[in-house]
Protein chains: 2
Amino acid sequence: MLTIGKLGQAAGVKVPTIRYYEQIGLLPEAERSAGNQRLYSRKALDRLTFVRHARELGFTLDAIRDLLSLSDHPDQPCAAADAIAKAQLAEIEKRLARLASLKVELNRMVVQCAGGKIADCRVIEVLSDHSLCATDHRHLQDEKDH
Amino acid sequence: MLTIGKLGQAAGVKVPTIRYYEQIGLLPEAERSAGNQRLYSRKALDRLTFVRHARELGFTLDAIRDLLSLSDHPDQPCAAADAIAKAQLAEIEKRLARLASLKVELNRMVVQCAGGKIADCRVIEVLSDHSLCATDHRHLQDEKDH
DNA sequence: TTTAATGTCTCTAGCTACTGTAGCTTCAAG
DNA sequence: CTTGAAGCTACAGTAGCTAGAGACATTAAA
Ligand SMILES: [Zn+2]
Ligand SMILES: [Zn+2]
Ligand SMILES: [Zn+2]
Ligand SMILES: [Zn+2]
């Protein structure tokens with residue numbers, strides 16, 4: 001059995017994050033020692049490692065919740081898991097498209113500025129007027145591109 | 001003079017967002033009518049349009065605060081503004097790299113799954129074990145890629 | 001064995017950039 | 001004058017943590 005600190009080290013997850021995951025019900029409540037400290041099994045480590053890897057791949061905690069409960073039913077068909085992964089892929093592709101567009105615009109701004117006074121700064125100019133932009137970055141779905 | 005609703009329409013910003021910007025000091029406090037309603041000048045519209053455009057290009061509100069105060073001093077050199085834009089470009093490029101890597105991994109997962117039971121699902125398998133990944137997506141700076 | 005250092009406990013608040021709600025008041029049209 | 005839309009304030013909630021306070025537990029050195 002591992003203490004929460006050891007578990008965190010082993011999985012690469014900070015201690016408060018583990019407690020947070022328990023609090024929101026993503027991880028089951030841990031067993032406790034005589035002194036009320038959390039104790040974790042190897043199975044718990046696997047679960048947390050799964051969560052961490054999924055987070056690194058950008059899945060939301062809600063999606064991970066679903067993936068975890070799917071992985072607890074090995075006999076069921078995997079279509080639901082595949083659907084979650086495909087949705088995540090689609091989301092990432094959307095963000096990529098948006099960021100690519102932003103990159104173009106930011107680059108244009110930076111390159112075009114001759115570096116004089118603010119009154120003539122291309123950065124400030126472009127920010128003031130979207131019609132100076134080359135792409136339709138506005139219409140590419142906003143946000144959640146965290 | 002515009003009411004807050006007209007201003008929001010003109011700038012493409014929701015009314016509560018305008019009030020929020022005022023609250024956090026990004027926009028100056030608006031003048032008020034006899035009945036205590038906010039009134040905005042054309043200059044205020046320009047300012048809000050600037051904010052919106054900068055947000056669309058992914059600048060943080062803090063960066064926008066700085067850009068706004070720079071644009072209020074047209075005689076000063078634009079190096080500071082350019083630096084903010086360059087930092088933003090660098091940030092976007094970092095996110096792009098990370099997302100590109102995530103896309104590769106997610107795509108691999110989805111393509112490799114033969115679609116049987118959860119026990120054999122490649123998606124679940126890869127999520128459980130990063131060594132099945134092809135790239136170093138872990139080491140690409142995390143987060144704030146909202 | 002005492003003591004000091006480290007780890008863990010709970011609880012609360014804060015972060016970004018909003019969005020939504022409730023319960024009011026003001027305004028413009030008919 | 002009435003009605004409905006638009007405005008007001010204040011507060012709560014979103015995602016996914018992170019940090020802090022103050023108290024208790026565990027381990028290792030002295
Ligand atoms: Zn410049
Ligand atoms: Zn633009
Ligand atoms: Zn599958
Ligand atoms: Zn991986």
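None of these values were measured; they are calculated from a predicted model. Chain letters run A, B, ... following the sequence lines, proteins first and then strands; every chain starts at 1. Note that these values count all heavy atoms, side chains included, but never hydrogens, waters or copies made by symmetry.
- Residue pairs meeting the side-chain hydrogen bond (donor to acceptor under 3.5 Å, both in side chains) criterion with at least one member in residues 102-112 of chain A, sequence neighbours excluded: Glu105(A)-Thr135(A), Gln112(A)-Arg122(A).
- Rounded to whole Å, atom C1' of dT16(C) lies 12 Å from atom CZ of Arg95(B).
- Using a 4.0 Å cut-off between charged nitrogen and carboxylate oxygen, Asp62(B) and Arg65(B) count as a salt-bridge pair.
- The CG atom of Asp120(B) sits 8.5 Å away from atom SG of Cys78(A), with the distance rounded to the nearest 0.5 Å.
- Computed from coordinates, the Leu39(A) CG to dT26(D) C1' distance equals 12 Å when rounded to whole Å.
- The distance from the CG atom of Leu39(B) to the CG atom of Leu2(B) is 8.5 Å, given to the nearest 0.5 Å.
- As a whole-Å value, the separation of Lys6(A) NZ from dT27(D) C1' is 11 Å.
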Acceptor/donor pairs from residues 83-90 of chain B side chains to any protein atom, 3.5 angstrom cut, sequence neighbours excluded:
| from | atom 1 | to | atom 2 | distance (Å) |
| --- | --- | --- | --- | --- |
| Gln88(B) | NE2 | Leu57(B) | O | 3.1 |
| Gln88(B) | NE2 | Gly58(B) | O | 3.0 |

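- At dT16(C), none of the side-chain N or O atoms of Arg55(B) fall inside 4.0 Å of OP1 or OP2 (strictly under the cut-off).
- For the pair Thr60(B) and dT16(C), the criterion of a side-chain N or O lying under 4.0 Å from OP1 or OP2 is not met.
- Contacts between residues 40-53 of chain A and DNA chain D, counted as heavy-atom distances below 4.0 Å, involve no residue at all.
- For the pair Ile4(A) CD1 and dT6(C) C1', the interatomic distance rounds to 15 Å; values are reported in whole Å.
- For Glu56(A) and dC17(D), the CD to P distance is 11 Å, given to the nearest whole Å.
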* To do: Check step by step if side chain to side chain contact (heavy atoms under 4.5 Å, CB included) holds for Cys121(B) and Asp82(A).
  => CA-CA 8 Å; Cys121(B) 179; Asp82(A) 294 6; 3.2 Å; yes
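- For Gln9(A) and dT8(C), the CD to C1' distance is 14 Å, given to the nearest whole Å.
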Between side-chain atoms of residues 15-22 of chain B and protein atoms elsewhere (two or more places apart, or another chain), which donor-acceptor pairs fall under 3.5 Å?
| from | atom 1 | to | atom 2 | distance (Å) |
| --- | --- | --- | --- | --- |
| Glu22(B) | OE1 | Arg38(B) | NE | 2.9 |

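- Rounded to a whole Å, the CD atom of Gln37(A) is 7 Å from the P atom of dT8(C).
- In this entry the distance linking CZ of Arg65(A) with C1' of dG16(D) reads 12 Å, nearest Å.
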Check: residues 43-54 of chain B side-chain donor-acceptor pairs under 3.5 Å, at least two apart:
| from | atom 1 | to | atom 2 | distance (Å) |
| --- | --- | --- | --- | --- |
| Arg47(B) | NH1 | Asp72(B) | OD1 | 3.2 |
| Arg47(B) | NH1 | Asp72(B) | OD2 | 3.4 |
| Arg47(B) | NH2 | Asp72(B) | OD2 | 3.3 |
| Thr49(B) | OG1 | Leu45(B) | O | 2.7 |
| Arg52(B) | NE | Glu56(B) | OE2 | 2.7 |
| Arg52(B) | NH2 | Glu56(B) | OE2 | 2.8 |
| His53(B) | ND1 | Val126(A) | O | 3.0 |
| His53(B) | ND1 | Leu127(A) | O | 3.2 |
| His53(B) | NE2 | His130(A) | ND1 | 3.1 |
| His53(B) | NE2 | His137(A) | NE2 | 3.1 |

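- At dT8(C), none of the side-chain N or O atoms of Arg38(A) fall inside 4.0 Å of OP1 or OP2 (strictly under the cut-off).
- A heavy-atom distance below 4.0 Å to DNA chain C is reached by these residues of residues 17-36 of chain B, ordered by number: Thr17(B), Tyr20(B), Tyr21(B), Ser33(B), Gly35(B).
- Separation of atoms CZ (Arg42(A)) and CG (Leu7(A)) is listed at 10.0 Å; rounding is to 0.5 Å.
- Considering only side-chain atoms of Leu61(A), the nucleotide from dC17(D), dC9(C), dG7(D) that sits closest is dC17(D).
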